[in-house]
Amino acid sequence: MSSNHVIIIIINSPLLFTKTLVVFLLLISFILHKADSGCNNNNNNNSVGTSILQRTRYHDQIVSALNELPLDGYLSLANNDAAANDFGNIYHLPPLAVLNPATVSDISRVIKHVTESEPGLKVAARGHGHSLRGQSQAEGGIVINMESLAETIPIVVVVNDGGGGGGGGGDVVVPYVDVSGGELWINILHETLKHGLAPKSWTDYLHLSVGGTLSNAGISGQAFRHGPQINNVFQLEVVTGKGEIVTCSETRNTELYHSVLGGLGQFGIITRARISLEPAPKMVKWIRMLYSEFSVFARDQEYLISLIDENTFDYVEGFVIINRTGILNNWRSSFNPKDPIQASQFISDGRTFYCLEVAKYFNPDEAHLMNQIVEQLLSELSYIPSTLFQSEISYVQFLDRVHVSEKQLRAKGLWEVPHPWLNLLISRSQIHHFAQQVFGNILKDTSNGPILIYPVNQTRWNKKTSLVTPEEEIFYLVAFLSSAVPSSRGSESLEHILTQNKRILEFCRNGKLGVKQYLPHYTTQEEWKAHFGSKWETFVQRKTAYDPLALLAPGQRIFQKALSTSC
């Protein structure tokens with residue numbers, strides 16, 4: 001074939017067109033390469049053409065075999081662009097197919113087929129697609145749409161099961177909710193509130209799937225009291241990398257239970273979860289205040305999380321504000337200043353401040369007592385008096401507060417942009433050095449989004465899970481929640497933010513701060529080994545036991561091959 005041949009293709013089927021177009025583009029690429037190199041070897045041409053044809057036939061065989069599987073749901077083999085994207089909007093990896101399961105058996109059946117017939121295929125569970133670096137994607141593999149499963153599995157609230165089912169094995173009876181792994185936390189909140197109940201621990205954003213947050217940890221301002229979400233789960237149903245459907249808890253199949261919680265999707269797909277509940281309040285006292293010195297800010301945060309009785313706040317977070325004008329004016333849409341005159345005279349331009357954000361839950365008939373507790377707590381803190389702002393809103397409004405910002409950003413076309421987030425867990429002994437260098441040097445001019453910072457207690461975290469944290473009793477979450485402007489070439493560009501993140505990580509590594517990434521992203525197995533540290537061997541053993549072919553969660557880039565050849 002010479003470079004001046006004309007190729008005409010007439011195709012009626014969209015699916016056939018897609019597959020033929022791929023072959024066509026590969027052929028054109030090959031022809032142009034030969035033309036540029038001056039090579040016109042017919043034998044070579046025939047060899048490459050045969051290779052392409054073989055790959056196409058192999059692809060068709062895989063698709064045909066998948067189509068023959070007896071499923072209650074269905075496989076989508078075209079128009080799967082959504083599954084090639086995620087919230088991070090940095091990686092775009094198209095899958096071969098998307099499974100829309102109607103039953104847990106659908107997931108098991110597909111994974112078993114892959115293990116027995118196509119072990120080279122990878123499988124990724126995708127909830128609401130809120131991953132940051134393609135973790136919920138499977139290039140050329142199968143993405144499981146977990147929200148499809150949620151449509152067929154109802155949310156079941158159990159106030160009293162009458163016989164120890166709350167713990168999945170004879171534990172103390174408490175209220176719980178059974179949900180699909182693809183269910184969104186916002187839907188769970190609304191359903192449990194009908195019974196006057198709610199989960200104990202949350203993330204700041206509720207439009208996330210249960211399986212997604214439990215595969216990481218699920219952290220928010222309640223973690224200092226209740227631990228992360230993975231500490232508040234009684235029981236799981238999991239489909240392993242072997243296609244086995246297993247129920248597990250603290251007293252049943254415990255190794256799998258601990259493996260999956262915080263396991264980054266490496267050991268199984270969470271298809272059901274039994275989540276602990278508590279009586280839900282109706283109202284929230286929401287308070288913000290500023291500090292100019294990090295040491296004072298950190299001291300007050302640590303004091304508040306040291307109070308473990310009911311006479312403390314229910315939520316403690318904080319964030320860093322770098323060189324922002326009109327901070328307090330921006331708060332007025334949701335908060336009221338305690339002293340309006342002093343607040344109007346406060347000037348923030350060109351400075352770095354640390355905002356302490358706290359909340360106290362209450363019911364209307366408890367308002368007087370709640371206010372007494374709040375006043376007592378505030379009297380122990382050393383914030384800038386003129387910056388105290390307060391608000392009283394419903395419990396639902398407080399928990400779903402980030403969704404309000406999402407709607408505003410979507411309206412402006414600023415939601416579906418790259419989000420190169422960086423989330424770090426930093427020990428208490430290193431946090432002051434970190435703050436001085438990062439907030440004083442690397443980010444001294446501005447930031448490209450919110451910077452969260454707040455401490456949690458190690459004793460509230462289950463050390464048996466796959467999650468890794470710093471070893472100290474108190475450690476901080478520091479989250480750089482940046483958003484990039486696609487057309488920007490300056491400080492708002494993706495390249496600039498990624499470079500900034502790299503500088504922060506290099507500082508942590510060179511300074512031997514012992515920092516752990518939350519929602520981690522690494523590109524080599526050596527980096528993953530360093531991340532897991534002493535837990536690495538256990539992590540590999542669990543992978544060998546539950547996903548030996550390394551089919552699951554390829555987007556994490558931890559295991560690229562079957563365990564027998566890679567570890």
Side-chain angles (χ1 to χ4, degrees), residues 104-125 135-136 138 141-142 144 146 167-169 181 210-217 230-231 233-274 461-469 520 522 524-567:
V104 175
S105 295
D106 282 348
I107 299 174
S108 172
R109 194 168 289 118
V110 166
I111 291 179
K112 283 184 177 179
H113 170 77
V114 171
T115 61
E116 295 167 1
S117 304
E118 305 296 342
L121 284 183
K122 303 295 183 179
V123 179
Q135 289 95 334
S136 63
I142 300 173
I144 300 176
M146 297 301 292
V210 168
T213 64
L214 296 184
S215 294
N216 288 281
I230 59 175
N231 273 44
V233 180
F234 290 134
Q235 183 174 290
L236 298 171
E237 179 187 72
V238 176
V239 179
T240 70
K242 298 176 180 180
E244 299 167 339
I245 303 173
V246 184
T247 299
C248 54
S249 70
E250 284 279 8
T251 56
R252 180 182 179 188
N253 298 312
T254 56
E255 186 69 17
L256 178 60
Y257 175 77
H258 292 136
S259 299
V260 170
L261 293 174
L264 305 175
Q266 291 298 309
F267 313 106
I269 296 171
I270 298 172
T271 51
R272 283 189 175 90
R274 178 167 292 179
W461 298 55
N462 188 342
K463 299 289 286 183
K464 297 178 182 178
T465 69
S466 294
L467 179 70
V468 289
T469 65
Y522 301 103
T524 69
Q525 195 173 83
E526 288 303 314
E527 291 175 311
W528 281 110
K529 288 180 180 179
H531 171 78
F532 285 104
S534 61
K535 279 192 172 186
W536 174 249
E537 288 188 9
T538 300
F539 198 84
V540 174
Q541 290 169 3
R542 290 172 169 178
K543 186 71 170 179
T544 303
Y546 303 117
D547 182 27
L549 296 180
L551 305 179
L552 300 179
Q556 294 286 358
R557 300 170 183 84
I558 303 176
F559 302 100
Q560 301 299 321
K561 299 179 181 179
L563 272 291
S564 60
T565 60
S566 66
C567 298

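- Distance alone, capped at 3.5 Å, places no donor-acceptor pair between the Tyr546 side chain and the Gly268 backbone.
- Atom CD1 of Ile245 sits about 4.5 Å away from atom OG of Ser105, to the nearest 0.5 Å.
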Please determine whether side chain to side chain contact (heavy atoms under 4.5 Å, CB included) holds for the pair Ile230 and Asn462, giving the CA-CA distance in whole Å, both sets of side-chain angles, and the decisive distance to 0.1 Å.
CA-CA 8 Å; Ile230 59 175; Asn462 188 342; over 6 Å; no
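- Using a 4.5 Å cut-off on side-chain heavy atoms (C-beta onward), Val540 and Phe559 make contact.
- Under the 3.5 Å distance criterion, with hydrogens and angles disregarded, no donor-acceptor pair is assigned to the side chains of Asn216 and Gln135.
- In this structure, Ala125 and Ser136 approach most closely via the heavy-atom pair O-CB, 3.9 Å.
- Rounding to the nearest 0.5 Å places OG of Ser249 at 9.0 Å from NE2 of His258.
- For Lys535 (side chain) and Leu467 (main-chain N/O), a donor-acceptor pair under 3.5 Å exists by modelled atom type.
- In this structure, the side chain of Lys122 engages the main chain of Ala550 through a donor-acceptor pair within 3.5 Å.
- Of the possible polar contacts, one joining the Lys242 side chain to the Ala545 backbone as a donor-acceptor pair under 3.5 Å is found.
- Residues Val210 and Met146 form no side-chain contact, since every pair of their non-hydrogen atoms from C-beta on lies 4.5 Å or further apart.
- One N or O on the side chain of Asn253 and one on the backbone of Thr247 form a donor-acceptor pair closer than 3.5 Å.
- Rounded to the nearest 0.5 Å, atoms CZ (Phe532) and CD (Glu537) are 13.5 Å apart.
- Taking the six-membered ring where the residue is Trp, Phe267 and Phe539 present perpendicular rings, their angle passing 60° and hence far from 30°.
- Using a 4.5 Å heavy-atom cutoff, the side chains of Val260 and Ile270 are in contact.
- Counting only heavy atoms from C-beta outward, the side chains of Leu214 and Leu236 approach each other to under 4.5 Å.
- Rounding to the nearest 0.5 Å places CD of Glu118 at 9.0 Å from CD1 of Ile142.
- Using modelled atom types, one side-chain atom of Gln525 and one backbone atom of Ile558 make a donor-acceptor pair closer than 3.5 Å.
- Ile111 approaches Gly241 most closely through the heavy-atom pair CG2-O, 3.6 Å.
- In this structure, Pro554 and Ala124 approach most closely via the heavy-atom pair CD-CB, 4.1 Å.
- Contact detail for Trp528 and Gln556: the closest heavy-atom pair is CZ2-O, 3.1 Å.
- Taking a 6.0 Å sphere around CD of Glu527, one finds it holds more than 12 heavy atoms contributed by other residues, nucleotides or ligands.
- In terms of modelled atom types and a separation under 3.5 Å, the side chain of Thr271 and the main chain of Gly181 share no donor-acceptor contact.
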Would Leu264 and Ser466 count as a side chain to side chain contact (heavy atoms under 4.5 Å, CB included) here? Give the steps.
CA-CA 8 Å; Leu264 305 175; Ser466 294; over 6 Å; no
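- Separation of atoms CD (Gln266) and OG (Ser259) is listed at 11.5 Å; rounding is to 0.5 Å.
- Shown here are the side chain to side chain donor-acceptor pair (under 3.5 Å) partners of Arg557, two or more places apart in sequence or in another chain: there are none.
- Counted within 6.0 Å of NZ on Lys529, heavy atoms from surrounding residues, nucleotides or ligands total more than 12; the atom is thus considered enclosed.
- Note: Cys248 SG to Leu261 CG = 7.5 Å, rounded to the nearest 0.5 Å.
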